[in-house]
Amino acid sequence: MAAVAIAVSFFIIIVAVAVSAGFRKSIRDGVAAMTGDVRIEPFVSGSDEPVPMPAHLPSEEALLSIPGVVSIQPVAIRAGIVKSGDLIHGVVVKGVTNADSLLAEGAGKFGGASAIKSAPEATLAVSIPQRLSEITGLGVGDDLVTYFVGEKVRVRKFHITAIHRDLVEVDDNLLVYASLEDIQRLNGWSPDEVSCLEVKLSEGASRKETAGLIGHVLLNSGDPREEVLYVSSSEDAYPQIFDWLKLLDFNVLVILILMTVVAGFNMVSGLLIMLLRNISTIGTLKTMGMNNRSIGGLYVRIGARAVLRGMLIGNALALLFCLIQGTTHLIPLDPANYFVSWVPVHVNLLWIVAADMAAYLGILALLWLPSLVVATIDPAKTVKAD
């Protein structure tokens, strides 16, 4: 029974760690799709029209050499209003150079995205988020009439060629993907003018620290065009989301401690029962010259094997659950509350091994408590009782 309790505790620990890592990775990917891990953009003050910046900076090589920086992507952005019948809704149209590959990657990660279909020549092709499709009733093959407000109102009819699923599904972040060239023409810019540069970082790189390093490079470049640029991280853009992730990590830490204590005391109770049932054997071992530490260590080793067996069973069941949930999305979530549509899981072997070792060592430490009973056993009394 103690081994079963250990297996259940380790199952909960591993699932909690995998779900926490899943939320962190999924939400980071979703936010990065909207803003990049780090964004470089011009200062904007009181202008109705979008302000451009150079698509390529003189310091680009220096920026790419910063640890953690993977790529720099030019982006053109324009806020608009979508009209479908009597319904209107605000959107952000984002022009990127790799729209096709981005949508294909999104289909693999998020699911539910249709394949990109070829659009008629000279048609402005876009991909809309699934949430916008549900709101407007528009789908692949329909036209999306969009109004862009500035010094004058511009109207564009886009042809929907794909529907993607934004991982961070909230109504005020409905992101429509288009080609970079289309949005540049819409804004009246040259091919070398963009709204911002989005910097992609490697997994594990600190967004805030890297943003600080990028800002330092630009500020000291000596180029007046770079010195006036503003650098921000995705954490600056969505602080409430990342604060929520920190709270989630704290909850996982609490679960780890509680499950370790529960598993430890279940194992302690099992060892106490074993010790009380073998008092006479302990007395005999003492008369043969074994000291308290050696006898206590013997029972701790017996308990450690049971813990290890329960840990392996719990890990196997937890990894099986993660595999099923990751492939079938069996357990759904409300994106309005959790930002994602299902419970995300991400198996990070390093974190799982660390959680296993921390819990295992914590339980072993608790297993020494019942060994204190050995010191209270008088071999003269136990042998005499036999």
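Just so it is clear, the model here is predicted, and its values are computed rather than measured.
- D142 is linked by a side-chain hydrogen bond (donor to acceptor under 3.5 Å, both in side chains) to nothing, counting only residues two or more places apart in sequence or in another chain.
- Under the rule for a side-chain contact (heavy atoms from CB on, under 4.5 Å), V228 has no partner lying at least two apart in sequence or in another chain.
- Within a 6.0 Å sphere centred on CG of L312, other residues, nucleotides and ligands contribute more than 12 heavy atoms.
- The side-chain contact (heavy atoms from CB on, under 4.5 Å) search around A318 returns F11, I14, V15, not counting sequence neighbours.
- When every heavy atom of C196 is checked against every heavy atom of I77, the shortest pair comes out as SG-CD1, 4.1 Å.
- Here R156 pairs with nothing under the salt bridge (Lys or Arg N to Asp or Glu O under 4.0 Å) rule; sequence neighbours left out.
- Scanning both residues, T146 and G80, for their nearest heavy atoms gives CG2-CA, 4.2 Å.
- Ring planes of H329 and W342: parallel class, angle under 30° (limits at 30 and 60°).
- For R24, the side-chain hydrogen bond (donor to acceptor under 3.5 Å, both in side chains) criterion is met by S20, D249, not counting sequence neighbours.
- Of the inter-residue distances, the one linking L256 atom CG with N251 atom CG reads 12.5 Å to the nearest 0.5 angstrom.
- Contacts of R185 classified as salt bridge (Lys or Arg N to Asp or Glu O under 4.0 Å), with partners at least two apart in sequence or in another chain: D182.
- Other residues sharing the hydrophobic cluster of L323, ordered by chain and number and joined by side-chain separations under 4.5 Å: none, the residue standing alone.
- When each of V69, L197, L201 is tested with V38 by the rule side-chain contact (heavy atoms from CB on, under 4.5 Å), just one qualifies, namely L201.
- Under the side-chain contact (heavy atoms from CB on, under 4.5 Å) criterion, A304 pairs with Y360, L364, not counting sequence neighbours.
- No donor-acceptor pair under 3.5 Å is formed between the side chain of S9 and the backbone N or O of T260.
- The salt bridge (Lys or Arg N to Asp or Glu O under 4.0 Å) check on R154 picks up E49, with sequence neighbours excluded.
- When the side-chain hydrogen bond (donor to acceptor under 3.5 Å, both in side chains) test is applied to N187, the partners found at least two apart in sequence or on another chain are R78.
- V199 pairs in a side-chain contact (heavy atoms from CB on, under 4.5 Å) with only one of the listed residues (V231, I72, I66, L64), which is I72.
- The heavy-atom pair separating Q73 from V96 by the smallest distance is NE2-CG1, 3.7 Å.
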Could you list the donor-acceptor pairs under 3.5 angstrom formed between side-chain atoms of residues 204-222 and any protein atom two or more places apart in sequence or on another chain?
residue	atom	partner	partner atom	Å
S206	OG	E209	N	3.3
R207	NE	E235	OE2	3.3
R207	NH2	E235	OE2	3.1
T210	OG1	S206	O	2.6
H216	ND1	N220	ND2	3.2
N220	ND2	H216	O	2.7
S221	OG	L218	O	3.0
S221	OG	D223	N	3.3
S221	OG	E226	OE1	2.8

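- Note that CD1 of I81 is 10.0 Å distant from CZ of F148, once rounded to the nearest 0.5 Å.
- The minimum heavy-atom distance linking L124 with K157 is given by the pair CB-O, 4.2 Å.
- The ring pair (Phe, Tyr, Trp, His ring centres under 6.0 Å) contacts involving residues 243-262 comprise F23-W244, W244-F339, where partners must be two or more places apart or lie in separate chains.
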